[in-house]
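These notes concern the structure reproduced below.
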Amino acid sequence: MKASYRWLRELVPQLTASTTDLAARLTSAGLEVEGLIEFGLASEACLVVRVVSCRPHPTKSGLRLVTVDRGGSQQEVVCGAPNVPDLGGLVVLAPLGVYLPAKNVTIAKRAIAGVESEGMLCSEDELGLGDDHDGILVLAPDCATPGTTLAAAVPAARDTVFEINLTPNRPDGLGHIGLAREIAALYNFPFVLPDFATAGGMERAPSALSVRDLVTIVVEDAERCPHYGAAAVVDIAVTASPSTRYRLQALGVRSISNVVDVTNLVMLAWGHPLHAFDLDRVRGNTIVVRRANDGEKLTTLDGVTRELVSDDLLICDGQGPVALAGVMGGASSEIHEGTKRVLFEVACFDPRGVRRTARRHGLHTESSHRFERGVDPGDVESVLDHAVGLTVALAGGQPAAGRIHVQHAHSCAVPAPPAKRILTLRVARLRALLGVDVPFDEAIPILERLGCSVVAKSSISCDVLVPTHRPDLTREVDLIEEVLRVRGLDSVPAQLPAIRASRDVGGREELARRAREIAVSVGLSEAITYGFTSARALEAVGAPKPTVLLRNPLGEHHAVMRTSLLPGLLDAVAHARRHFERDVREFTIGQVFLAAAPSGDGLPTEQLRIGVVLAGDRPGWLEKPQPLDVWDAKGYAVGLTERLAGASALVQVEPATRDELTEIASHLHPRGAAFVHVNGRRIGAFGLLHPDAVAALALDGDVLVVELTLESFAEGIPIPQYAAIPRFPASTRDVALLVRDAVMAGEVESAVRAAAGPLAERVRLFDRFTGGHVAAGFASLAFRVVYRASSGTLTDAEVDAAHANVVKVVGERFGAKLR
Amino acid sequence: MDAVSDPTVETIELEITAALASLREAFLPRFRAAATAQALRDENAKILGKKGELTAILKLLGKAPPEGRKAIGEKVNALKQEVESGFESCLSNLRLREREAELSAPPFDLTLPARVPAQVGHKHPISIVREEVVAVFRQLGFAVFDGPEVEHEGNNFTALGFPPDHPATDMQDSFWTQSNHVLRTHTSNIQVRAMKSIAPPMAFIAPGTVYRRDDDATHSPMFHQIEAFLVDKDVTLAHLKGVLAEFAERLFGPGTPVRLRPSYFPFVEPGAEVDIGCVFCKQPNGTRAGCSLCKHTGFIEVLGCGMIHPVVFENCGIDPEVFSGFALGMGLERLAMLRYGVPNIKLMFDNDPRFLAQF
Ligand SMILES: [Zn+2]
């Protein structure tokens with residue numbers, strides 16, 4: 001909402017606060033002023049001057065040398081405008097040294113085609129008063145004496161405009177009268193509504209015609225239109241409207257004509273939109289308010305032909321729709337230069353219906369904005385008075401006698417006042433909610449200033465009659481807020497409560513925090529990835545088909561809720577690679593959205609997971625960079641799992657079988673895919689991304705991925721139990737075994753472990769070697785076995801016996817030869 | 001024993017004495033000539049070793065008649081001790097010199113890259129802030145309440161008092177699923193879930209992911225919020241202000257001023273927006289100089305709050321005449337962007353490794 005400081009001061013004459021003070025006060029009361037616009041700042045320095053003489057420029061055609069009287073002195077300026085008025089006409093001079101903010105120039109002495117000019121005759125555009133730059137501004141004759149400033153001569157040419165960010169509960173703030181009432185309440189000034197009925201021209205005798213002779217109004221849907229008021233003015237002259245021009249311009253509204261300006265000004269005064277019809281274009285002299293038929297069409301003022309549905313409310317004439325009620329008029333009955341008779345509509349429409357129509361048609365107008373928030377049902381007659389009075393003042397003519405009001409489908413000449421709400425306010429409740437005593441002596445005057453009246457009062461409670469312009473006041477607590485707002489939030493002290501502590505419900509935050517801590521400690525950085533992705537990306541990573549599909553996604557790429565964390569992480573890899581960053585070691589923690597549990601509440605099952613992507617080179621020290629490979633992926637997968645599961649859990653890695661590869665790990669390279677098991681339960685997979693997935697997601701290179709579910713770790717790790725530290729020394733034996741290349745090291749290791757028996761404390765593969773003197777098709781696997789007994793120091797003979805069994809068993813099982 | 005070759009006692013004595021004398025003359029210069037500890041030990045072994053010179057002399061002693069052995073033996077032992085102490089002192093000199101040399105050798109090249117014990121990764125800035133905010137509220141006695149991101153319309157809107165077809169829902173344009181669920185537009189759904197499932201008193205925070213149908217320079221369609229709410233008997237606006245002041249001090253530093261402005265959220269009444277003293281233009285004396293980030297007001301908006309609306313209590317089966325409560329909520333992206341000076345919300349979700357490595 002844009003509000004004019006000048007207008008507000010007309011409505012609250014006692015107001016002396018500066019614009020910045022007023023802005024701060026409004027903001028502190030919940031009407032947040034986001035900015036101040038200085039309108040027509042140049043008007044304060046520019047002068048009204050009289051054209052004294054005018055001659056052509058000596059050399060340059062199209063330019064003229066205009067001598068002007070600036071009140072006592074004269075000067076000659078060069079002017080290129082085509083519309084320099086005749087001698088005696090008043091124009092506006094920007095003297096030397098004046099700054100014009102609209103053009104960001106300071107007037108300097110300069111030669112124009114060889115003639116020096118010490119100033120400039122200005123257009124509205126240059127003065128920041130409008131966008132007219134076709135010629136200089138020519139003022140009404142004799143509107144001021146030469147030498148006065150433009151601001152003094154034409155007060156509306158200088159204003160400060162408040163940009164107020166109104167919350168949707170305050171429709172009263174969408175008009176200057178509502179804002180003025182609020183300001184008066186904040187500063188404790190009396191607020192008196194101006195008498196618009198007699199302001200300007202209403203004394204003029206009404207026409208012999210009655211509005212009822214001119215038009216018939218039928219409201220077919222009283223629920224959507226509980227009140228339709230109408231008035232008419234005849235014999236008007238539609239003209240340009242210099243007197244309303246700058247006020248509207250300051251408020252961001254273009255001045256169209258006197259009658260259209262009336263509708264805009266009255267709306268900006270009351271916050272109640274109104275519509276003007278050319279009565280001669282209302283076919284059949286009938287207005288019908290009804291719902292549209294499905295498929296019916298209306299061309300709105302913006303030139304768009306709209307197909308309507310039965311939920312749309314229409315204003316129709318005798319032949320068809322002429323306006324989308326409360327949203328936008330149609331072109332057919334628009335006010336135009338030749339309009340002689342105008343019909344004003346001031347109605348109340350159901351806010352929800354207006355909103356549905358506006359959204360359905362993608363429209364958001366000044367009118368729909370106000371109707372959606374709720375107009376004052378009690379001001380219809382006043383708004384009509386104001387519109388008629390202003391029309392007569394600006395466009396002449398005579399008001400048709402009487403009014404038409406159709407209230408709840410009943411036609412009447414004078415509307416019944418709408419029912420007002422009565423709320424009970426308890427003084428104890430003020431204290432209970434605010435934590436500070438606010439006596440009625442203080443609270444009630446505040447409410448009265450806001451337009452409320454107290455109809456009954458005791459020492460502990462009072463009954464408050466809520467004015468119709470405050471539809472947001474529906475409960476006692478709303479009154480308490482009003483008192484607080486005006487009193488100021490600073491008036492409430494800060495006091496720490498004694499909190500009776502609660503316990504966590506659901507453990508995801510803590511689980512995610514723990515997983516994050518672990519992932520960071522192993523060198524991964526955290527990505528935050530979107531919950532939505534595309535069905536195509538999920539398919540490319542072999543994830544389950546999405547079950548949560550968005551009805552109104554921002555695009556195909558974000559149309560479904562993810563069933564895997566990988567698409568989001570792979571987006572990060574793709575982004576990094578597009579920006580020439582090859583090394584990506586990132587994780588993300590988040591929900592995947594799976595089918596709803598059959599017994600649940602119908603919501604999808606949300607499962608917390610951690611995903612990891614690895615790309616680029618392994619971090620190393622003073623060595624040639626080596627690309628990350630599947631064993632790095634295994635390291636992260638196992639490392640994360642072991643730390644999440646705790647030392648007592650059995651963490652195993654199982655390479656994917658052929659069936660698993662097609663069914664649940666199709667996104668992984670068939671040679672490098674494995675599952676992670678904890679205590680026999682599969683919790684996730686890792687491996688090299690399948691080249692098809694790399695291609696489908698345009699990843700431009702290999703990526704390793706890990707994805708693990710976290711829910712099985714929700715309970716935290718089991719408390720580790722102390723095991724005695726060995727007291728006796730260990731004996732170490734190495735064994736190098738030559739096995740067929742295809743033999744899996746893990747199997748050999750398990751065999752070594754089994755064969756070494758209970759004395760073997762540790763078995764570790766420390767070298768794998770192929771080529772050189774190892775025959776083709778074979779690999780040398782070197783294990784170190786650490787033997788130890790808890791009961792005493794082992795003898796060489798005991799160790800040798802155990803180790804001999806290793807060589808024998810592994811030899812038999814794998815045909816392994818000792819190297 | 002061969003009587004012919006049997007030397008006289010005197011001869012042997014003389015021989016031994018001469019040998020001892022010459023060794024006594026020679027051993028120190030020989031030791032001193034050794035350049036390394038090993039060379040010194042070698043030299044020492046040549047004298048005191050199994051085949052050493054003094055050992056050889058000692059062997060001569062066996063040939064001496066028993067009555068003279070004792071005296072000669074004492075001489076030999078005396079020299080042996082002299083050699084040993086000479087060796088020790090030369091060795092310690094040598095070590096000293098070696099140590100000097102080692103200490104004064106060219107320094108290690110500490111401009112070589114560090115050998116990092118284990119690479120440590122980086123938390124996302126939003127997570128850092130999230131964990132801090134959660135920690136502050138935990139210290140104040142709040143616990144975490146979890147809830148889903150895909151939510152019933154009732155829990156996200158209706159129970160919170162959002163009127164249908166009302167402009168208030170413009171503030172939160174939402175994503176809908178084909179099953180007519182909504183992606184939660186705020187973490188306030190947790191208020192409803194908590195109050196429907198637990199009897200007061202309760203003090204919870206709800207951190208989480210939320211979704212709104214906005215995608216422009218300053219909005220991301222997915223972002224993060226933390227909601228905190230307290231429901232008990234006699235909870236007042238003064239308590240809300242107390243918790244806000246405490247929160248601001250703990251998260252932004254002691255003395256951080258807090259300012260409340262009335263505002264509107266359907267589920268609180270009275271509602272307010274909360275500004276804290278600008279963290280960018282704070283002066284050493286605690287005042288704010290004003291800067292472009294606070295639009296020269298000295299304050300920046302960080303959260304919304306209010307007293308829980310009675311309609312929310314009623315919708316959740318709690319009697320607003322008996323219980324009252326407050327709720328406050330903040331966007332984590334905004335907090336993180338303010339704290340780290342991140343100019344564009346999009347950077348938060350690009351997950352560029354060079355971005356993440358900065359926090
Ligand atoms: Zn600042």
Side-chain angles (χ1 to χ4, degrees), chain A residues 27-30 167-169 352 355-356 372-373 433-436 475 477-478 481 484-485 489 492-497 499-506 508-509 513 516 520-521 523-528 530-531 548-552 554 572 575-576 581 584 586 591 593 603-604 606 619 621, chain B residues 115 118-124 126-127 131 134 140-141 143-146 148-150 165 167-168 175-178 181 201-204 207 209 213 215 221-222 230 232 235-239 241-242 245-246 260-264 269-270 272 307 310 324 348-354 356-357:
Chain A
T27 298
S28 76
T167 52
N169 60 325
R352 295 170 54 185
R355 180 175 164 81
R356 288 197 300 274
E372 284 179 23
R373 282 154 178 78
L433 212 57
L434 302 180
V436 66
R475 299 182 67 129
V477 67
D478 299 320
E481 179 176 58
L484 173 71
R485 249 179 7 91
L489 277 160
V492 175
Q495 183 191 350
L496 259 187
I499 292 177
R500 299 200 264 166
S502 299
R503 272 198 207 161
D504 280 13
V505 177
R508 291 197 310 208
E509 180 71 11
R513 193 194 58 75
R516 181 182 302 124
V520 166
S521 74
L524 298 169
S525 289
E526 185 182 16
I528 289 186
Y530 290 119
V548 182
L549 315 175
L550 296 186
R551 229 164 57 194
N552 57 342
L554 285 170
H575 171 91
E581 181 63 35
V584 181
E586 294 180 5
Q591 319 288 342
F593 301 83
L603 295 176
E606 297 187 12
W621 193 69
Chain B
R115 198 193 320 253
Q119 290 268 332
V120 172
H122 303 269
K123 288 181 190 176
H124 196 283
I126 292 171
S127 292
E131 289 184 1
V134 169
L140 293 173
V144 176
F145 197 113
D146 257 358
E149 293 172 19
V150 179
D165 296 325
F175 289 107
W176 294 89
T177 78
Q178 290 188 351
H181 297 130
M202 66 184 88
F204 285 116
T209 309
R213 216 171 165 285
D215 196 8
M222 185 192 90
L230 171 70
D232 202 343
V235 176
T236 69
L237 183 69
H239 293 139
K241 286 187 76 174
E246 192 67 19
L260 274 73
R261 284 181 285 111
S263 189
Y264 167 75
E269 187 81 14
M307 300 303 292
S324 56
M348 294 285 188
F349 301 104
D350 282 342
N351 297 313
D352 190 310
R354 296 161 298 182
L356 298 175

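Residue numbers begin at 1 in each chain, while the letters A, B, ... track the order of the sequences.
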Task: Which of A/Q591, A/R485, A/R516, A/R503 touches chain B most, by non-hydrogen pairs under 4.5 Å - done: A/R516
Task: Under 4.5 Å from any heavy atom of chain B - which part of A/E509 - done: both
Open item on the list: Before you tell me yes or no, could you show the steps for A/I528 and B/M348 under side chain to side chain contact (heavy atoms under 4.5 Å, CB included), namely the whole-Å CA-CA distance, both residues' side-chain angles and the distance that decides it to 0.1 Å?
Closed with: CA-CA 8 Å; A/I528 289 186; B/M348 294 285 188; over 6 Å; no
Open item on the list: Closer than 4.0 angstrom, basic N to acidic O: yes or no for A/R513 and B/E131?
Closed with: no
- [ ] For chain B, find which of A/L550, A/L496, A/L603, A/N169 contributes the most heavy-atom pairs closer than 4.5 angstrom.
- [x] A/L603
Task: Partner chain A: residue of B/D146, B/T236, B/L140 with the largest heavy-atom pair count (under 4.5 Å) - done: B/D146
Task: Option in B/I126, B/D350, B/D215 with maximal non-hydrogen atom pairs under 4.5 Å from chain A - done: B/D350
Task: Under 4.5 Å from a heavy atom of chain A, the part of B/L260 involved - done: both
Open item on the list: Between B/D352 and chain A, with a heavy-atom cut-off of 4.5 Å, which part of the residue counts as in contact: side chain, backbone, both or neither?
Closed with: both
- [ ] Could you tell me whether the side chain of A/D504 and the main chain of B/V144 form a donor-acceptor pair under 3.5 Å?
- [x] yes
Task: Heavy-atom closest contact (A/V436 atom, A/V492 atom, distance) - done: CG1-CG2, 4.1 Å
Open item on the list: Between A/S28, A/G506, A/A494, A/G531, who has the most heavy-atom pairs with chain B when the cutoff is under 4.5 Å?
Closed with: A/A494
Task: Carboxylate-amine/guanidinium proximity below 4.0 Å for A/R508 and A/E606 - done: yes
Open item on the list: Heavy-atom pairs under 4.5 Å with chain B - which of A/L484, A/V584, A/L554 has more of them than the others?
Closed with: A/L554
- [ ] Please confirm whether the backbone N or O of B/D232 pairs with a side-chain atom of A/R500, one donor and one acceptor, at under 3.5 Å?
- [x] no
TODO: Can you tell which part of B/V235 gets under 4.5 Å to a heavy atom of chain A, answering side chain, backbone, both or neither?
DONE: backbone
Task: Selection from B/P310, B/A245, B/S263 maximising heavy-atom pairs under 4.5 Å formed with chain A - done: B/P310
Open item on the list: Can you tell me which of B/A238, B/P221, B/A143 forms the most heavy-atom pairs within a distance under 4.5 Å of chain A?
Closed with: B/A238
Task: Check: A/E526 side chain, B/K123 main-chain N or O, donor-acceptor pair, under 3.5 Å - done: no
- [ ] Heavy-atom pairs under 4.5 Å with chain A are the metric here; pick the option from B/N351, B/L356, B/V150, B/V134 that has the most.
- [x] B/N351
Open item on the list: Could you report the tightest heavy-atom contact between A/I499 and B/G141, atom names first, then the distance?
Closed with: CG2-O, 3.8 Å
Task: Structural part of B/Q178 lying under 4.5 Å from a heavy atom of chain A - done: both
Open item on the list: Heavy-atom pairs under 4.5 Å with chain B: which of A/G435, A/A572, A/P497 has the most?
Closed with: A/P497
Task: Residue part contacting chain A, namely of B/M307, when any heavy atom lies under 4.5 Å - done: side chain
Task: Option in B/E269, B/E246, B/M202 with maximal non-hydrogen atom pairs under 4.5 Å from chain A - done: B/E269
TODO: Evaluate the side-chain proximity of A/T167 to B/P262: yes if any heavy-atom separation is below 4.5 Å, no if none is.
DONE: no
Open item on the list: Given 3.5 Å as the limit, does a donor-acceptor pair link the side chain of A/S502 with the main chain of B/A203, or not?
Closed with: yes
Task: Contact origin within B/T209 toward chain A - heavy atom pairs under 4.5 Å - done: neither
Open item on the list: Treating B/H122 as the side-chain partner and B/P353 as the backbone partner, does any N or O pair qualify as donor plus acceptor under 3.5 Å?
Closed with: no
